[in-house]
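Have a look at the structure below before the remarks.
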Amino acid sequence: SSSSSSSSTSKLVCIPRENNCETCFEDLYCIQCRNEAYLLDGKCLESCPRLYIERGTGFYNRRCSYVGSTTTTTATTTSSTTMETTTSEPLTTTTTTTTTT
């Protein structure tokens, strides 16, 4: 007596409403997750891995997006230069008047 249930583990088949997946594409991979899971590469994860940001809210429409390191550096440099100009302004208003009698 042999069991044929081992064939399901050899192939990665997407089954709707299982493994936090709501909708599958031709039983190959997941295209919409459920249970507040995040979609990444056709799989539903509880949280996004490193270098990925969690996007979306709600029960279904959540996904992981890759984060590039170049986008965050431009925002910080512009804010630091504006702070420098505001702090240097009070220095120019000080006038030294020396009155000697």
Side-chain angles (χ1 to χ4, degrees):
S1 65
S2 63
S3 62
S4 61
S5 63
S6 62
S7 62
S8 62
T9 54
S10 61
K11 234 192 234 184
L12 209 98
V13 177
C14 184
I15 301 169
R17 303 184 70 83
E18 281 194 19
N19 298 325
N20 292 329
C21 182
E22 177 69 19
T23 309
C24 296
F25 177 76
E26 296 181 358
D27 297 336
L28 297 174
Y29 56 89
C30 190
I31 56 173
Q32 185 185 33
C33 296
R34 61 194 297 239
N35 297 331
E36 298 179 350
Y38 295 93
L39 180 68
L40 178 65
D41 295 332
K43 296 175 190 164
C44 297
L45 309 170
E46 289 183 12
S47 62
C48 296
R50 211 174 149 190
L51 299 177
Y52 286 85
I53 190 168
E54 297 171 349
R55 297 206 180 255
T57 57
F59 197 73
Y60 294 102
N61 298 315
R62 294 185 181 210
R63 59 188 167 81
C64 297
S65 295
Y66 182 74
V67 180
S69 59
T70 55
T71 55
T72 54
T73 53
T74 54
T76 52
T77 52
T78 53
S79 62
S80 63
T81 52
T82 53
M83 287 186 72
E84 284 175 17
T85 55
T86 54
T87 52
S88 62
E89 276 179 32
L91 296 174
T92 56
T93 57
T94 55
T95 53
T96 53
T97 50
T98 52
T99 326
T100 52
T101 321

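Computed from a predicted structure; not experimentally measured. Count residues from 1 along the sequence.
- Closest heavy-atom contact between Glu22 and Arg17: OE2-NH1, 3.2 Å.
- Scanning both residues, Lys43 and Cys33, for their nearest heavy atoms gives O-SG, 4.3 Å.
- Transitive grouping of hydrophobic side chains (ILVMFWY, heavy atoms separated by less than 4.5 Å) brings Leu45 and Tyr66 into a common cluster.
- Distance check: Ile53 CD1 to Arg63 CZ gives 10.0 Å after rounding to the nearest 0.5 Å.
- For the pair Phe59/Asn35, a side-chain contact is recorded, criterion being any heavy-atom separation below 4.5 Å from C-beta on.
- Separating the CZ atom in Arg62 from the CG atom in Leu39 is a distance of 13.0 Å, to the nearest 0.5 Å.
- Cysteines Cys14 and Cys24 have SG atoms closer than 2.5 angstrom.
- For a disulfide, the SG atoms of both cysteines must be under 2.5 angstrom apart; this fails for Cys44 and Cys30.
- Here the two cysteines Cys64 and Cys48 have their SG atoms closer than 2.5 angstrom.
- Closest non-hydrogen pair, Cys21 versus Thr23, comes out as SG-O, 3.3 Å.
- Residues Leu28 and Ile31 are members of one and the same hydrophobic cluster, defined by side-chain heavy-atom contacts under 4.5 angstrom among Ile, Leu, Val, Met, Phe, Trp and Tyr.
- Considering Gln32, Arg55, Arg34 in turn, Gln32 is the only one that fulfils the side-chain contact (heavy atoms from CB on, under 4.5 Å) rule with Asn61.
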